[in-house]
Protein chains: 2
Amino acid sequence: MRFARNSEIYGEEEAAEHLYQVTSGAVRTYRILEDGRRQIGAFYLSGDIFGFEAGDTYIASAEAICESQVLMVRRSALMIRAIHEKDLARQLWNATALELRRSQDHVMLLISSAEQRVMGFLRDMARRAPKNAAIELPMSRQDIADYLGLTIETVSRTFTQLEQKGIISLPTSRRVELRDHILFHDFTRNLG
Amino acid sequence: MRFARNSEIYGEEEAAEHLYQVTSGAVRTYRILEDGRRQIGAFYLSGDIFGFEAGDTYIASAEAICESQVLMVRRSALMIRAIHEKDLARQLWNATALELRRSQDHVMLLISSAEQRVMGFLRDMARRAPKNAAIELPMSRQDIADYLGLTIETVSRTFTQLEQKGIISLPTSRRVELRDHILFHDFTRNLG
DNA sequence: CGAGTTGTTGACCCTTGTCAAAGTATGTGG
DNA sequence: CCACATACTTTGACAAGGGTCAACAACTCG
């Protein structure tokens, strides 16, 4: 399936009929608060699987950030196969556990300072992006702000400050280059 | 198994050998950040099941908040049973999905104001506590602060402000009574 | 009763949000 | 190719919410 920029893939509270895998492009999941603010739960890039945040209904909406291709699999079909293929059942459970871990890492991000949040976000993107290249951000500053629980102005200012400190460089607003030691720091944490 | 106040039930990064159910008392799970701050991931009360936040190793530590009794079940035994009892497998997956949902609700809490966070916390405790009675909080202000990403001072001040506004009353620091309409508001949200 | 823990309050400051404006891309139609 | 419109991003000035530091009050437990 193809989805245009900003088009909805599924909506919160809809029956969760499919699991999804991004084959190209990028996807965001989000929830809207009573006061109208938007909280982005996660970004999914090429290769990532999403739609696991579900019991019977989705608990977040999903949208394509840019023109994206997405693979769809019927949950019901998977469930039937999972009865006999114990390995598949295990994989489904593991994938949900992985999402849980991601969400808990997200919580850890949200309790630190603006600079720490942006750095954490960039480290995560760097880890998931094609190795050692500059990061190409598919999402807007507003998306990043809504993911990190900051305002767009604070995100923008923090990017500028990180560049002034020489921690990143910003050839364009959507392209970020990190100094190597930052990546290294992240790797040691994951191995630790 | 009995655990004394503040004693460790399991540690982060340990092999995840058991699932747990609280039979009496209360449990907190937490992670420590590099800078030494503690983030509490969840509180578990009587009847709650925990230890699901795990692949092969726990991703948080668990401690008894007060003298507590906890039921332990070997994960390996459950996994073996789950191969044949498809319903059990389903339940395990569902329980993890429920934890995921809890974590995402936690994220939503963390992006709002101090008052909203404390209110959200109290609503959650009220919903889980024995119906319509005053809430008896097993955890300290420090625990609440570390759960909500605030300081102990801000939590204390917010409790005082809520009482001054007539939204709660505080017979003692660990006992909270909410006005009915607050509970009602919560119920309507859950019913959708 | 006294010592240690837990909770509350006050004064001040810093980070981040708010409001406003200007700068930069990107795209569209002539 | 240019003129214009629209989105997105950056920057500045100011205000407010929450953090920090410090003192004090209330509970617990020996």
Side-chain angles (χ1 to χ4, degrees), chain A residues 4-7 26 28 33 35-40 63 65-67 109-122 135-165 168-176, chain B residues 4-6 26 28 33 35-40 65-67 109-122 135-165 168-176:
Chain A
R5 189 173 124 89
N6 293 329
S7 63
R28 62 179 170 248
L33 290 160
D35 60 18
R37 275 178 310 152
R38 179 182 69 158
Q39 174 62 34
I40 290 184
E63 284 178 357
I65 292 173
C66 51
E67 181 81 16
L109 258 197
L110 291 181
I111 62 165
S112 46
S113 68
E115 186 174 312
Q116 298 275 314
R117 294 190 215 186
V118 171
M119 284 295 299
F121 165 72
L122 289 177
I135 314 167
E136 198 68 49
L137 298 175
M139 69 290 284
S140 69
R141 294 287 187 270
Q142 187 66 63
D143 286 336
I144 300 172
D146 289 349
Y147 177 70
L148 296 177
L150 298 170
T151 59
I152 178 174
E153 293 95 331
T154 300
V155 171
S156 183
R157 271 188 264 264
T158 306
F159 271 103
T160 306
Q161 285 160 22
L162 289 173
E163 187 174 31
Q164 281 165 0
K165 287 188 190 178
I168 64 173
S169 62
L170 285 166
T172 76
S173 68
R174 296 285 182 108
R175 172 178 289 263
V176 187
Chain B
R5 191 172 122 89
N6 294 329
R28 61 179 171 247
L33 289 161
D35 60 17
R37 276 179 309 151
R38 179 183 68 158
Q39 174 62 33
I40 290 185
I65 291 173
C66 51
E67 180 83 15
L109 257 197
L110 291 182
I111 62 166
S112 47
S113 68
E115 186 174 313
Q116 296 276 311
R117 294 190 214 186
V118 172
M119 285 295 298
F121 165 74
L122 289 177
I135 314 167
E136 198 67 50
L137 299 175
M139 70 290 285
S140 68
R141 293 289 186 268
Q142 186 66 62
D143 286 336
I144 299 171
D146 289 349
Y147 176 71
L148 296 177
L150 298 170
T151 59
I152 178 175
E153 292 95 333
T154 299
V155 171
S156 183
R157 271 188 264 265
T158 306
F159 270 103
T160 306
Q161 284 160 23
L162 288 174
E163 187 174 31
Q164 280 166 0
K165 289 187 187 178
I168 64 172
S169 62
L170 284 166
T172 76
S173 68
R174 296 285 182 108
R175 172 178 290 262
V176 187

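Reckoned from all heavy atoms, side chains included, excluding hydrogens, waters and symmetry mates. So you know, we letter chains A, B, ... as the sequences are listed, proteins then strands, and number each from 1. Fair warning: this is a prediction, and the values are worked out from it, not measured in the lab.
Contact footprint of chain B on DNA chain C: nucleotides with an atom under 4.0 Å from a non-hydrogen protein atom, first to last in 5' to 3' order, C:dT6 to C:dA11.
Between A:Leu148 and A:Thr154, the closest side-chain pair of non-hydrogen atoms is not below 4.5 Å. Side-chain atoms of B:Arg38 and B:Asp143, non-hydrogen and from C-beta on, do get closer than 4.5 Å to each other. Contact annotation: the side chain of A:Phe121 approaches that of A:Leu137 to within less than 4.5 Å [non-hydrogen atoms, C-beta and beyond].
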Verdict with supporting geometry, B:Glu67 and B:Arg5, salt bridge (charged side-chain N to carboxylate O under 4.0 Å, His left out): CA-CA 5 Å; B:Glu67 180 83 15; B:Arg5 191 172 122 89; over 6 Å; no
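With hydrogens and angles ignored, the 3.5 Å screen pairs no side-chain donor or acceptor of A:Arg141 with any backbone N or O of A:Glu153. Between the side chain of A:Arg117 and the main chain of A:Ser112, a donor-acceptor pair closer than 3.5 Å is present.
As a whole-Å value, the separation of B:Asp35 CG from D:dT20 P is 10 Å. Note: CD1 (B:Ile152) to C1' (D:dC21) measures 14 Å, nearest angstrom.
A:Thr151 OG1 to A:Arg157 CZ: the interatomic distance, rounded to the nearest 0.5 Å, is 7.0 Å.
Across its full length, the helix from C:dC1-D:dG30 to C:dG30-D:dC1 shows an angle of 40° between the axes of its 5 terminal pairs at either end, rounded to 10 degrees.
Scanning both residues, B:Ala145 and B:Ile152, for their nearest heavy atoms gives CB-N, 3.6 Å.
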Please write out the pairs of protein N or O atoms and N or O atoms of nucleotides 12-14 of chain D separated by less than 3.5 Å, giving the distance to one decimal.
residue: D:dG12; atom: N7; partner: A:Arg157; partner atom: NH1; Å: 3.0

Using atom names, set out every protein N or O paired with an N or O of nucleotides 27-30 of chain D below 3.5 Å, distance rounded to 0.1 Å.
none

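Listed in residue order, the members of residues 137-149 of chain A having a heavy atom less than 4.0 Å from DNA chain C are A:Gly149.
Toward the 5′ end of DNA chain C lies the nearest nucleotide of B:Gln164, the other residue of the pair A:Thr151 and B:Gln164 mapping further downstream. Between B:Thr154 and B:Asn6, it is B:Asn6 whose nearest contact on DNA chain C lies nearer the 5' terminus.
In terms of the salt bridge (Lys or Arg N to Asp or Glu O under 4.0 Å) criterion, residue partners of A:Arg37 (sequence neighbours excluded) are, by chain and number, A:Asp35.
Heavy atoms of B:Arg5 sit under 4.0 angstrom from primed sugar atoms or phosphate atoms, though from no base atom. Within 4.0 Å (heavy atoms only), B:Thr172 reaches no atom of the nucleic acid at all.
One finds no side-chain N or O of B:Arg117 lying less than 4.0 angstrom from the OP1 or OP2 phosphate oxygen of D:dG18. Dashed line: the shortest gap from a side-chain N or O of A:Ser156 to OP1 or OP2 of D:dT11 is not under 4.0 Å. Phosphate proximity of D:dG17 to B:Ser113: absent, as no side-chain N or O sits under 4.0 Å from OP1 or OP2.
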